[in-house]
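Notes follow once the structure below has been shown.
Order of listing sets the numbers, starting from 1, for every ligand and every atom in it. We use all heavy atoms of the structure for the numbers below, so side chains are in, but hydrogens, waters and symmetry mates are not.
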Amino acid sequence: MKKLLLSFIVLMSFSLQLRADEGMWIPMLLQNNEQEMQEMGMNITVEDIYSINNSSMKDAVVLFGGGCTGEIVSEQGLLLTNHHCGYSWIQYHSTVEHDYLTDGFWAMSFEEELPCPGLTAVMLKSMKDVTNFVLEGVTKDTPNDERARIVSENIKKVKEEAEATTNYQVVIKPFYHGNKYYMIYNEVFKDVRMVGTPPSNIGKFGGDTDNWVWPRHTGDFSIFRIYVSPEGEAVEYSEDNVPYKPNYHFPISLKGAEKGDFTFVFGYPARTNEYLPAVAVDQEANVINPVSVDLRGKILDIYNKHQEKDPKVRIQYASKHASLGNGWKKWMGVTEGINNFKGVQKKKAFDEKFTAWAYKSRQRGAYLTLISDFEKVYAEYEPYRLAITYLSETALNIEILTFAAEFNKLSQVTKDTPQEEIDEMIAAAKEATKVFFKDYYQPIDEEVAVAMLTEYIANQPADFRPELLNTIEKKYDNVEAYVEELFAKTMFTSEEGIYQFLDEFKASKAKKLAKDPALMAYNNVMDFYLANVREKASDINSQIADMQRVFMRGQMEYYADQEPEKRMYPDANFTLRVTYGKIGGFSPRDAVNYKHFTTLDGIMQKENPDIYDYVVTDRLRELYENKDYGRYADKDGSMHVAFIAGNHTTGGNSGSPILNADGHLLGLNFDRTWEGTMSDLIYDPSICKNISVDIRYVLFIIDKYAGATRLVDEMTIVE
Ligand code: ARG
Ligand code: ASP
């Protein structure tokens, strides 16, 4: 009996812990989590994190560049984010003479900080529940299209009223799939300057090879600063602007963190889908992802083969490889994770419980057939989703086709088109040509074209085949023969030929352009998509969104009724959230155990001067050999580089501050372990871990490696 009781208690605390790590919480509503956070070790109050009346940590967290998170770490508006979040700005400022991607960049004075036109940092000032206003006039029985109309009119009205009384940006966003709406007031900073970045062999160490993978050794950080007018207003760049004085900035802890320590992450997660029915998860994990993974895998193999042979090609295809590879690796992890976890079966079990529950009360009529309706709609959706996947992963990854598409406008020019417009098109086409050929290697593209068209032809049923596929099958011996002819006949393979064509361009030549086989191929697949796929797919999509809204409402009622102690969080939607969990390693599979941190020793183990992703500079090696870590060393004497914890994060959380029990900065979140990437669909705390770069490594690089000590001096350091 005692034993039984014990295992019951263990089971109970296990399931409690299960919940503890999951969830992306709205900071305004964090009171509901305070007790749990404090029980897990937090020493501060949720009022310290989010306060409407007093300065609080929320005043130091921003949406960086529209897609990442950044945090303020000094009284002078100094901002930290990831290297991969600052990447395009580092690239923007790089030239052959000043190659900041390769060599890094450190502004040694305010004057040297570089303006980034178009870069914004968005700070939430306050938020408010406006559900009652937005859903005014809507009932459970309002038909969907009617509902959509009322909602969008109400939103417009509420937003306009708010805008009349504020200078802040006002946004209204749906939460819980449209069951709740919040209005958010933002301050949008428009003068954000680049202050520092490590070289890529630190900021991107491990590159795509290590991407999504633990153990990790990436110094994934870059430094910016917010500037405002002398009056303190968020204005566009001006020479007269001054560093922003924030209401709050994060103190930085040099104490490090131990296994089991409480942490929380504060940032802007973009998109999750935790409340889908089984059929949707199954389709994503077992139908769509495998197709994308397979197709991208074939392309990446071709890239790799050529990249290994030729260093020039390696650089040319580095960024293309990175963007294809990021999704490829992630989706593989999602599918494997869902299947190992028996995720679809677990969702199914819930769907059944939900339906059984719905049958128990007359009030729940809307939910009775919801699950079987989902099954029907998703079945109808599947071929359309596949058609979109095949189109975008095959045809649209043939570079010559998407490049040709840049000439579409020009190919439609007539003798009535004003010369001024034609000149503009020509200038744009020349620019596109320059950009294209800088990173183009035709042998890769030809191989990709053969491989992808072969897949497209083999895998799309009659109703979903653009005519091009049938033509290739009927008129050519094989796909190779078609591709050979395509590349032989198109004008788009010759950079000089294109410039010459553009220099001599007259309206009478537009027809010739329109007949180019690459442009024709592109238009053939796109026209087919526009005529036969797009509209129907988007209809089904909005039908699914309406059903998901009802399902979400149903799940909230279900839990309120069945497990009232369960707190529910809304799916990520690019709004500010708090998530919390403990530091610790995990076991990704039988017999394998991951420790929770990595060190500089690991960088030296991975070092390989011949492999681009694993180059180590002499400077870093020297610091390592002399163990010259100063106050940034861990108490074990080593230099800690990265660590993992059980925080529920997703894309957009990159750059987010990861904070300790006192709210002091421990590091910057930048990735997840790929075994746990399924966390966007189902969260399993035993494998879903976020990866952060240790703030002590960040400071070590700034201070010891780069000598940009002035930046560390303006931070608040807690030793
Ligand atoms: N996997 C991370 C994310 O989804 C990091 C991507 C950037 N790093 C890279 N090596 N490609 O954004
Ligand atoms: N690497 C992601 C980002 O850039 C974070 C993640 O997906 O965990 O936002």
Show which atoms of ligand 1 fall inside a sub-4.0 Å distance from at least one heavy-atom site of His84.
5 (C), 7 (C), 12 (O)
Can a donor-acceptor pair be found between the side chains of His177 and Asp571 at a distance below 3.5 Å?
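Present: a donor and an acceptor within the cut-off.
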Is a side-chain donor-acceptor pair under 3.5 Å present for Asp191 with Tyr244?
no
Below the 3.5 angstrom mark, is there an N/O of [X], backbone or side chain, next to an N/O of ligand 1?
X: Asp671; answer: yes
X: Asn211; answer: yes
X: Lys204; answer: no

Ring centres under 6.0 Å, that's the criterion: do [X] and [Y] meet it?
X: Tyr100; Y: His93; answer: no
X: His596; Y: Phe586; answer: no
X: Tyr441; Y: His306; answer: yes
X: Tyr632; Y: Tyr697; answer: no
X: Phe221; Y: His83; answer: no

Please list the nearest protein heavy atom to atom 11 (N) of ligand 1 with its residue and the distance rounded to 0.1 Å.
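Going atom by atom, the protein heavy atom closest to atom 11 (N) of ligand 1 ends up being Asp208 OD1, 3.0 Å.
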Specify the protein heavy atom at minimum distance from atom 3 (C) of ligand 1: its residue, its atom name, and the distance to 0.1 Å.
Asn326 ND2, 3.9 Å
Would Gly207 count as a contact residue for ligand 1, given that I'm defining contact as a non-hydrogen atom of the residue lying under 4.0 Å from a ligand atom?
yes
When you look for protein heavy atoms under 4.0 Å from ligand 2, which residues do they belong to?
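The answer is His84, Trp212, Thr650, Gly651, Gly652, Asn653, Ser654, Phe670, Asp671, Arg672, counting any residue whose heavy atom sits under 4.0 Å from ligand 2.
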So, does Thr599 use its side chain to make a donor-acceptor pair with the main chain of Asp601 at under 3.5 Å?
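Answer holds: yes.
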Return a table of donor-acceptor pairs under 3.5 angstrom between the side chains of residues 326-338 and protein atoms on other chains or two or more places apart.
unit_1 : atom_1 : unit_2 : atom_2 : d
Asn326 : OD1    : Asn211 : ND2    : 2.7
Asn326 : OD1    : Trp212 : NE1    : 2.9
Trp328 : NE1    : Val293 : O      : 3.4
Lys329 : NZ     : Asp208 : O      : 3.1
Lys329 : NZ     : Thr209 : O      : 2.7
Lys329 : NZ     : Asn211 : O      : 3.0
Lys330 : NZ     : Asp680 : OD2    : 2.7
Thr335 : OG1    : Ala285 : O      : 2.7
Thr335 : OG1    : Trp331 : O      : 3.3

